[in-house]
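Residue numbering restarts at 1 for every chain, and letters A, B, ... go by the order of the sequence lines.
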Protein chains: 2
Amino acid sequence: MSSCDTCLVRNRAICSVLETDALDELNRIGRRKNVRRGETVIWEGDDAPIVANVIDGMLKLTTATGDGREMIVGITYPSDFIGRPFGASSSNSVTALTDAQLCVFTRSSFDGFAKQHPGLEHELLERTLGELDRARDWMLLLGRKSAAERVASFLIEMSKRLGGRACEGPTGPADRFELPLSRQQTADILGLTIETVSRQLGRLRDAGMILTPDRRTIEITDWAGLEHESERG
Amino acid sequence: MSSCDTCLVRNRAICSVLETDALDELNRIGRRKNVRRGETVIWEGDDAPIVANVIDGMLKLTTATGDGREMIVGITYPSDFIGRPFGASSSNSVTALTDAQLCVFTRSSFDGFAKQHPGLEHELLERTLGELDRARDWMLLLGRKSAAERVASFLIEMSKRLGGRACEGPTGPADRFELPLSRQQTADILGLTIETVSRQLGRLRDAGMILTPDRRTIEITDWAGLEHESERG
DNA sequence: CGATTCTTTGACACCTATCAATCTTAGTGG
DNA sequence: CCACTAAGATTGATAGGTGTCAAAGAATCG
């Protein structure tokens, strides 16, 4: 029995398009790997020797300036694919936000496998196109939105992402959810400072739009108000 | 003789991976289209009925907030691919920055063709991965760099892009080049206002790092200085 | 329970946006 | 061809939003 049979994301990860034989073959070149929160799996600028499926947990993709300013350019969820196939060195680091479980392949073995399985490449293409759309949407937020709009947009986005991911299928946006991010990491996603994020969250709380029972959980109590905030601070 | 035989970018566009038969077939479902500077080819939110290869000219990809603030999220050059294949509606508009020539396909016909030609999908995947890297690099600029750093980074990027595109192959960064962008469009790429862009260009000129013989052409006279500016305003 | 880390809150400064005026360039019609 | 007009770019003055610096308050972990 291949370990794919017990995989939590076998129906959602890119492998889901593969036939049994191909899945067996892929299983032979992959291996499970557990990583602890905070552990970095891929380093920016590295030769990026690995790619992986995310089985469980969340990870951040980051880039940094020469003098250490950091930006989170993506977040991955279970069933997402990480790493940079096909020859380029990785342009960002990948670090676990929570304890996580990966299904890891060497880049070269994955590249070879993918080229012989067009269905897999098609699936990867569709996901990459989706990631590109998402990245470009985020560029609008970073380039043109105020701090107030950014924080409100972020809460709405996280609510949708965290609410719609259950294995039972999409459940819609969650009114209440736990952020897997510190204030610093939130700031690194939004292109702000921790102080500004903190103040904006306080403002939304004072305005009665959200509750913050503890510093990691958010409860949205006024969707209309929050959505209004997300489009004109 | 198919029109592909006379195509300016036949060796660089995604079609370059196709065999003769496949190229003929693709040629049958595509058509040439000339667009004038300022003309919009694809509208944000549309069903995105077309995709295309850029044969000549440059175009911008844009998204906008509900109240009209605009952001340029990408620029395309000859041999680039535009549009959103595979079912999603387009998340950005595509507008010509210069007069341009396209090789247009209906999305549905292109989708069908691509699925039967894995080599084409592979090429598209590689390009999309590259675009994603580029978009994420830009997120660092938008989220973490000062106006001075942004403008300097922009000039360096444009120099490399415009210098390295000749059909004879890469020629390296150009010391002198003509921006296909107005100040407003430059601001829309950098997440700044026209006034700030103008002031930063003036500052670089006063510092002797660039010359601005007319408002569209830039000459870089101090690469080391400009590169220094791009990393700590 | 103490120490460390993270977060919040406050005071202040600076960068960039905004508003406004001038100057330049490009386009148009006489 | 030139004046006129409109659009784009520059320059200046001002104000507001965020960053920075600093301190105090929670939460986490040993």
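- Across all non-hydrogen atoms, the minimal contact from Met139(B) to Met139(A) is CG-CG, 3.9 Å.
- In this structure, the side-chain hydrogen bond (donor to acceptor under 3.5 Å, both in side chains) partners of Asp175(A), at least two apart in sequence or on a different chain, are Trp223(A).
- Using a 4.5 Å heavy-atom cutoff, the side chains of Ser153(A) and Glu229(A) are not in contact.
- Screening Val94(B), Ile82(B), Ile55(B) against Leu102(B) for a side chain to side chain contact (heavy atoms under 4.5 Å, CB included) leaves a single residue, Ile82(B).
- Pairs engaging residues 36-62 of chain A under the side chain to side chain donor-acceptor pair (under 3.5 Å) rule: Thr40(A)-Thr95(A), Lys60(A)-Glu70(A) [sequence neighbours left out].
- Of all non-hydrogen atoms in Asp214(B) and Thr217(B), the two that sit nearest each other are OD2-CG2, 2.9 Å.
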Each nucleotide of nucleotides 7-22 of chain D classed B (base within 4.0 Å of a protein heavy atom), S (only sugar-phosphate) or -, in 5' to 3' order, makes -BSSBBB----SSBB-
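- A heavy-atom distance below 4.0 Å to DNA chain C is reached by none of the residues of residues 59-68 of chain A.
- For DNA chain C, the contact window with chain B, defined by any atom under 4.0 Å from a protein heavy atom, covers dT16(C) to dA26(C) in 5' to 3' order.
- Annotation: the span from Leu61(B) atom CG to Met71(B) atom CE amounts to 12.0 Å, rounded to 0.5 Å.
- Counting only heavy atoms from C-beta outward, the side chains of Leu181(B) and Leu97(B) approach each other to under 4.5 Å.
- Of all non-hydrogen atoms in Arg150(B) and Gly191(B), the two that sit nearest each other are NH1-O, 3.4 Å.
- For Arg183(B), there are no salt bridge (Lys or Arg N to Asp or Glu O under 4.0 Å) partners two or more places apart in sequence or in a different chain.
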